[in-house]
Every structure is written in structure tokens, then in C-alpha cells.
Undergrad: 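Please see the structure below; I have some questions.
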Amino acid sequence: MDISILEKRGISTKIAESLKREPELFEISLKILEKADLNANSFKNFLRYTREIGLREGKPFDEIFENAGLCTILDNENISEKTKGEELMSRLYNLRYPLWSKKQANFQKLKNKFRAETGGEIIFPDFAEGNSFKISFTIKEASDIDKIEETIAKAMPVLKESLSEIKENS
């Protein structure tokens with residue numbers, strides 16, 4: 001087993017030793033580190049997410065990676081190692097936290113829709129804490145002020161949907 005890639009990526013010997021007790025995860029980790037750029041902190045999260053998904057779903061690691069399409073990412077010659085690492089972590093995060101990931105995606109859609117319709121911004125609280133959100137507009141000229149009431153009226157459905165989304169599960 002070649003652990004030089006772990007040393008090269010700045011992975012502590014403590015983590016390397018713990019990995020040796022999980023041969024399947026160790027082998028997969030080496031393959032990933034050879035093709036994707038993960039710093040030590042990202043690698044710790046990679047291991048944590050992978051283990052937690054495995055425990056929750058009762059599936060072997062290779063099946064988890066296959067279902068997430070991780071091999072496709074690693075084998076893609078058109079993206080950089082850094083991008084591979086980021087995409088790998090994003091997919092694992094979404095698998096590990098499916099409900100929160102869905103909520104984040106819904107927030108992003110609403111933000112984009114509001115920006116497209118109004119030029120303004122919806123600001124949701126971090127981790128959907130609380131039951132409110134903020135809106136923001138950039139005002140450069142007096143005419144911008146005159147348009148705000150009309151703009152907000154036009155975007156009322158998005159604002160109501162945003163309020164409903166933030167209050168869900170609160």
C-alpha cells in the first residue's frame with residue numbers, strides 16, 4: 001500500500017493509520033487522492049461523509065461512490081484536479097445531508113428568480129435558522145427608489161414562496 005500520496009497531500013499519519021483498518025476505504029482513498037486535489041481538511045470530511053453514508057445506508061463504499069458517479073468525475077480528463085476535488089466533495093455532502101442540500105438548492109433557485117425579476121437580492125439566514133429572510137436592493141439613482149414599490153409588487157409570488165420555504169420545518 002502506497003501511502004506517499006497521503007504524505008504528499010498533507011494527510012496526518014493518525015488518519016493514515018486509521019484508514020489502514022478499513023482496506024476498502026483505504027484503496028478508494030488512494031485512487032481519489034491520485035486524481036483529485038483534496039487538502040487535509042477536505043480529506044477528513046471526505047472520510048467522515050463516506051463513513052456516515054455507509055453506516056446510514058448499509059452499503060459498501062464502492063457502491064456509494066458508484067451511485068454518486070464519482071468515477072465519472074475522476075476519469076474526466078477535461079476538468080482540473082482541484083475541480084474534481086470540489087465536485088467530489090459537493091456530491092458526497094449532498095448524499096450525506098440530502099434534506100439540507102435540497103433546502104439550499106431551493107433557496108438558490110428563489111434567490112436567482114428574485115434577482116432575475118427585480119435586480120434585488122434575497123438573503124436567507126445561515127442554516128435556515130429563524131423564520132425570516134431579508135431583501136436588498138442597490139439604489140444608484142432617484143428613479144431606482146421610485147421603481148422599488150412596483151418591483152416588489154411584481155415579485156410578490158417569489159417573496160411569498162421564500163417565506164413559505166424558510167418557515168418550513170422551523
Undergrad: Walk me through it: do Ser42 and Asn45 pass the test side chain to side chain donor-acceptor pair (under 3.5 Å)?
TA: CA-CA 5 Å; Ser42 291; Asn45 285 331; 5.7 Å; no

Undergrad: Salt bridge or not between Lys20 and Glu17? Use side-chain N to carboxylate O under 4.0 Å.
TA: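 Yes, charged N to carboxylate O under 4.0 Å.
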
Undergrad: Could you tell me whether a side-chain N or O of Glu165 sits under 3.5 Å from a main-chain N or O of Asn106, the two making a donor and an acceptor?
TA: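 Not a single qualifying donor-acceptor pair exists.
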
Undergrad: Output all residues satisfying side-chain contact (heavy atoms from CB on, under 4.5 Å) with Ile152, sequence neighbours left out; order by chain, then residue number.
TA: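 In terms of side-chain contact (heavy atoms from CB on, under 4.5 Å), with neighbours along the sequence ignored, Ile152 is linked to Ile135, Phe137, Ile148, Met156, Leu159.
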
Undergrad: Assess, by modelled atom type and distance only, whether the side chains of Asp146 and Ser143 contain a donor and an acceptor separated by less than 3.5 Å.
TA: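 No, because no side-chain N or O of Asp146 sits under 3.5 Å from a partner of the opposite role on Ser143.
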
Undergrad: To the nearest 0.5 angstrom, please state how far the CD1 atom of Ile145 sits from the NZ atom of Lys140.
TA: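 If I round to the nearest 0.5 Å, the distance is 14.0 Å.
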
Undergrad: Look only at the side chain of Lys44 and the backbone of Ile15, and say whether a donor-acceptor pair between them is shorter than 3.5 Å.
TA: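 No; zero donor-acceptor contacts below 3.5 Å.
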
Undergrad: Minimum heavy-atom separation for Ala36 and Gly85, please, with both atom names.
TA: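 Shortest heavy-atom contact: CB-N, 3.8 Å.
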
Undergrad: For Ser29 and Leu47, work out which heavy atoms get closest and say how close.
TA: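 Reported closest heavy-atom pair: OG-CD2, 3.7 Å.
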
Undergrad: For Lys31, does the NZ atom sit with more than 12 other heavy atoms under 6.0 Å from it, leaving out its own atoms?
TA: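 No, not enclosed.
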
Undergrad: Distance from Leu55 atom CG to Thr50 atom OG1, nearest 0.5 Å?
TA: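 One gets 11.0 Å once the value is rounded to the nearest 0.5 Å.
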
Undergrad: Listed by chain and number, what are the salt bridge (Lys or Arg N to Asp or Glu O under 4.0 Å) partners of Glu161, not counting sequence neighbours?
TA: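 Here no residue qualifies.
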
Undergrad: Can you measure from CD1 (Ile166) to CG (Leu110) and round to the nearest 0.5 angstrom?
TA: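 Spacing of CD1 (Ile166) from CG (Leu110) equals 10.0 Å.
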
Undergrad: Would you give the length of the straight line joining atom CD1 of Ile28 to atom CG of Leu33, rounded to the nearest 0.5 angstrom?
TA: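 Answer rounded to 0.5 Å: 12.0 Å.
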
Undergrad: Identify every side-chain donor-acceptor pair in residues 118-125 under 3.5 Å, counting partners at least two apart or on other chains, and give the distances.
TA:
from	atom 1	to	atom 2	distance (Å)
Thr118	OG1	Phe114	O	2.7
Thr118	OG1	Gly120	N	2.9

Undergrad: Any chance you could measure Lys147, atom NZ, to Glu150, atom CD, to the nearest 0.5 Å?
TA: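 So the NZ of Lys147 and the CD of Glu150 are separated by 8.5 Å.
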
Undergrad: Who are the side chain to side chain donor-acceptor pair (under 3.5 Å) partners of Asp75, not counting sequence neighbours?
TA: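 Listed in chain order: Lys35.
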
Undergrad: Checking the side chain of Ser162 only, and the main-chain atoms of Val158 only, is there a donor and an acceptor separated by less than 3.5 Å?
TA: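 Confirmed, Ser162 side chain pairs with Val158 backbone.
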
Undergrad: Between Arg91 and Glu87, is any pair of side-chain heavy atoms under 4.5 Å apart?
TA: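 With C-beta onward as the side chain, the pair touches.
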
Undergrad: Which salt bridge (charged side-chain N to carboxylate O under 4.0 Å, His left out) pairs, counting each pair once, include a residue from residues 46-61, with sequence neighbours left out?
TA: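 Found Glu22-Arg51, Arg48-Glu52, Glu52-Arg96, Glu57-Lys59.
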
Undergrad: With rounding to the nearest 0.5 Å, note down the distance linking CG in Leu95 to CD1 in Ile64.
TA: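 One gets 8.0 Å once the value is rounded to the nearest 0.5 Å.
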
Undergrad: Is a side-chain N or O of Asp144 found less than 3.5 angstrom from the main chain of Glu141, in a donor-acceptor match?
TA: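 The answer is yes, because a donor-acceptor pair under 3.5 Å joins these two groups.
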
Undergrad: So, for Leu163 and Asn131, which heavy atoms are closest and what is the spacing to 0.1 Å?
TA: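 Looking at all heavy atoms of both residues, the closest pair is CD1-O, 3.9 Å.
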
Undergrad: Using a 3.5 Å distance criterion without hydrogens, assess whether the side chain of Ser90 forms a donor-acceptor pair with backbone atoms of Glu86.
TA: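 Not at all, since once roles are kept as given, no pair shorter than 3.5 Å links the two residues.
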
Undergrad: Hey, mind stepping through Phe61 and Ile53 against side-chain contact (heavy atoms from CB on, under 4.5 Å) and telling me if it holds?
TA: CA-CA 9 Å; Phe61 298 125; Ile53 294 164; over 6 Å; no

Undergrad: Using side-chain heavy atoms (C-beta onward) and a distance below 4.5 Å, is Phe65 in contact with Leu74?
TA: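 Side chain of Phe65 against side chain of Leu74, heavy atoms only: no contact under 4.5 Å found.
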
Undergrad: Applying side-chain contact (heavy atoms from CB on, under 4.5 Å), can you list everything that pairs with Lys14, at least two apart in sequence or on another chain?
TA: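 Scan of Lys14 (side-chain contact (heavy atoms from CB on, under 4.5 Å), adjacent residues dropped) gives Ser12.
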
